[in-house]
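Only this structure's heavy atoms are used, side chains among them; waters, hydrogens and symmetry mates stay out.
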Amino acid sequence: MRPAPTILHLDMDAFYASAEQAAKPSLRGKAVVVGGLGPRGVVATASYEARVLGVHSAMPTAQARRLAPNAAYLVPRFSLYRSVSEQVMELLGRLSPLVEPLSLDEAFVDLEAGGVADDTVSARRTGERLRTAIREVTGLSGSVGLAGSKMLAKIASEQAKPDGLVLIEPGTERELLAPMPVRTLPGVGPATGDHLRRAGMTTVHDLAEAGEAELVRLVGKAHGHGLYRMALGLDDRPVVAERDAKSVSVEDTFDVDLHDRVRVRAEVERLAVRCVERLRSADRSGRTVVLKVRRYDFSTLTRSETLRGPTDDPTVVREAAARLLEAVDTTGGVRLLGVGVTGLADYTQEDLFAQAADARELAARAEVPEKPVTEDDKPVEEEPESAEQLAARRWPAGHDVRHTAHGHGWVQGSGVGRVTVRFEEPGGPVGRVVTFRVDDPELSPADPLPLVRDPVDYSSWPASLPKSRSGPVSAAGGESRP
């Protein structure tokens, strides 16, 4: 534990939904839900206006629609979210060489390592300057937690939501944690929480009072020891600048179960190519190909194949994934497919052309002559996509478009051969709505526009920050909001 609150945790507020509200003036202050919109879709993020209605992340979209029927339901635009995340992470990197990203919208920062804070006053000042910088550069808000440990900094940022800053003074940790529910602590999920509740422990104070021996008896040695330390507010984990990814993967859930074996294989090969694209964008290669199949009855199977060496060749990964599929029974239907690569490396060890040739040779050896297809053996034919499904695939709700006459806009919805577009841009007035045929030649997909047209220049930041002052400072912890 540090004697000063120089570990900062940033969590962007309702990130995806807030980005959509900033990009679409007509959605400001409205309930917005971002996620999968099909029958099996899941909510990725809900705006605070939607959360008031009971919508939350990981909820089935169908349930969200019942709770908030008038909300705007949008398909995620990850290219926009990644670009905004890069802006935020660049600002954090200017504060310290030790930045530990947890996701696109969340990160720890060691302010002391960057020399921008060494006491309560300088830490709070840096946190407030960071929140201002994020708003001026991205147009979005982020909540900041400051404490002497990562665990408490994250708890503080959660308390600061939305759009606030909470600083936990070192020495007040146990008093702060005592009345909190046990689920507040990292690693205490629903199952562990229920187990502790049955043992009469519902608050962090209960855990601290129970003692380490009792917690070890209840949840095991490793978990019990860590749980007791956390209940006392003890956390010595450092901020780690490089969080090395262990795997790269992509997956899709299908609105209708896939029965046709040819279609299933085509989807696996498509996912393999997407996985390699993501692998290459991270300048990585991998040695083990993993296939994930969730069947009609929700049973999930995984199969893997380890190659001779790391690769980023789409042919190698695609053919390995196809071979793995041959060992999986998809009778009855498939609802989800995924392809991943593990055993990551920063280089490609083998000759890719030789490796691809080897993969094809293995596949040829394993090939079994097809028997004549009888009426009973014929695969179930997939239902052809309707005009509405084709329109939804081409014009996803919330995605950007451009019309030769009307300019930039976004898709409000599509169906019955029509697509409805609202023409507006970030920072502008609420735009007008126009409906077109789905095949209108003047309408085309477009890239997202920046959320802030002329962002403030922070190239010299944080040199403009006042230097932290040494020596003891008497400052109370607490919260500040705009």
Side-chain angles (χ1 to χ4, degrees), residues 36 76 78-79 81-82 85-86 101 103-104 242-254 257-296 299-371 379 382 393:
F78 288 107
S79 60
Y81 312 147
R82 280 192 291 268
S85 175
E86 289 170 359
S103 62
L104 288 177
E242 296 294 334
R243 287 174 57 88
D244 195 20
K246 297 181 180 179
S247 65
V248 172
S249 63
V250 295
E251 62 182 42
D252 272 348
T253 300
F254 305 101
D257 290 346
L258 303 184
H259 295 274
D260 185 354
R261 187 76 175 185
V262 175
R263 170 76 185 281
V264 172
R265 178 176 175 128
E267 292 292 344
V268 166
E269 293 181 347
R270 180 180 61 83
L271 288 168
V273 172
R274 282 178 50 197
C275 181
V276 171
E277 289 173 352
R278 188 170 294 183
L279 192 69
R280 287 181 168 182
S281 68
D283 295 323
R284 307 299 297 275
S285 60
R287 184 168 184 171
T288 300
V289 179
V290 180
L291 174 71
K292 176 180 177 181
V293 180
R294 180 164 297 149
R295 299 187 292 190
Y296 70 99
S299 60
T300 302
L301 304 176
T302 57
R303 298 289 185 268
S304 64
E305 176 181 319
T306 298
L307 308 171
R308 294 190 311 181
T311 183
D312 63 353
D313 187 320
T315 301
V316 173
V317 176
R318 185 176 65 244
E319 294 181 355
R323 287 195 301 275
L324 293 170
L325 178 64
E326 295 303 316
V328 177
D329 180 11
T330 58
T331 304
V334 172
R335 61 185 292 119
L336 177 146
L337 290 169
V339 175
V341 177
T342 65
L344 302 187
D346 295 322
Y347 60 93
T348 302
Q349 187 172 355
E350 300 287 344
D351 173 32
L352 297 182
F353 294 103
Q355 195 169 56
D358 290 346
R360 285 190 288 272
E361 183 180 349
L362 285 172
R365 290 177 183 174
E367 189 174 331
V368 178
E370 294 185 1
K371 65 177 182 179
E382 300 296 325
R393 186 182 295 275

Verdict with supporting geometry, V339 and R274, side chain to side chain contact (heavy atoms under 4.5 Å, CB included):
CA-CA 9 Å; V339 175; R274 282 178 50 197; over 6 Å; no
Mark yes or no for whether S249, through its side chain, and G340, through its backbone, hold a donor-acceptor pair below 3.5 Å.
no
When rounded to the nearest 0.5 angstrom, what is the spacing between CD in E305 and CG in L291?
11.0 Å
For E267 and R270: C-alpha separation, side-chain torsions, deciding distance, then whether salt bridge (charged side-chain N to carboxylate O under 4.0 Å, His left out) applies.
CA-CA 5 Å; E267 292 292 344; R270 180 180 61 83; 2.5 Å; yes
In the structure I gave you, are the side-chain heavy atoms of L307 and T288 within less than 4.5 Å of one another anywhere?
no
R82 and E86: CA distance, side-chain angles, deciding distance, salt bridge (charged side-chain N to carboxylate O under 4.0 Å, His left out) verdict:
CA-CA 6 Å; R82 280 192 291 268; E86 289 170 359; over 6 Å; no
Minimal heavy-atom distance between R294 and T300, with the atoms involved, is NE-OG1, 2.9 Å
Give a yes or no answer on whether the side chain of R287 reaches the backbone of L344 with a donor-acceptor pair at less than 3.5 Å.
no
Between atom CZ of R303 and atom CD of E326, what is the distance when rounded to the nearest 0.5 Å?
13.0 Å
Do L336 and K292 have side chains that get closer than 4.5 Å, going by heavy atoms?
yes
Would you find a donor on one side and an acceptor on the other, under 3.5 Å apart, between the side chain of R335 and the backbone of T253?
no
Has R280 got a side-chain atom pairing as donor or acceptor with D312's backbone, closer than 3.5 angstrom?
yes
Distance-only, no hydrogens or angles: does the R284 side chain make a donor-acceptor pair with backbone N or O of A345 under 3.5 Å?
yes
Kindly write out the residues that satisfy ring pair (Phe, Tyr, Trp, His ring centres under 6.0 Å) with Y81, not counting sequence neighbours, or none if the list is empty.
Y16, F78
Has R295 got a side-chain atom pairing as donor or acceptor with D329's backbone, closer than 3.5 angstrom?
yes
Could you grab the distance from atom OG1 of T330 to atom CZ of R263, nearest 0.5 Å is fine?
13.0 Å
Which distance, rounded to the nearest 0.5 Å, do you find between the OG1 of T315 and the CZ of R318?
4.5 Å
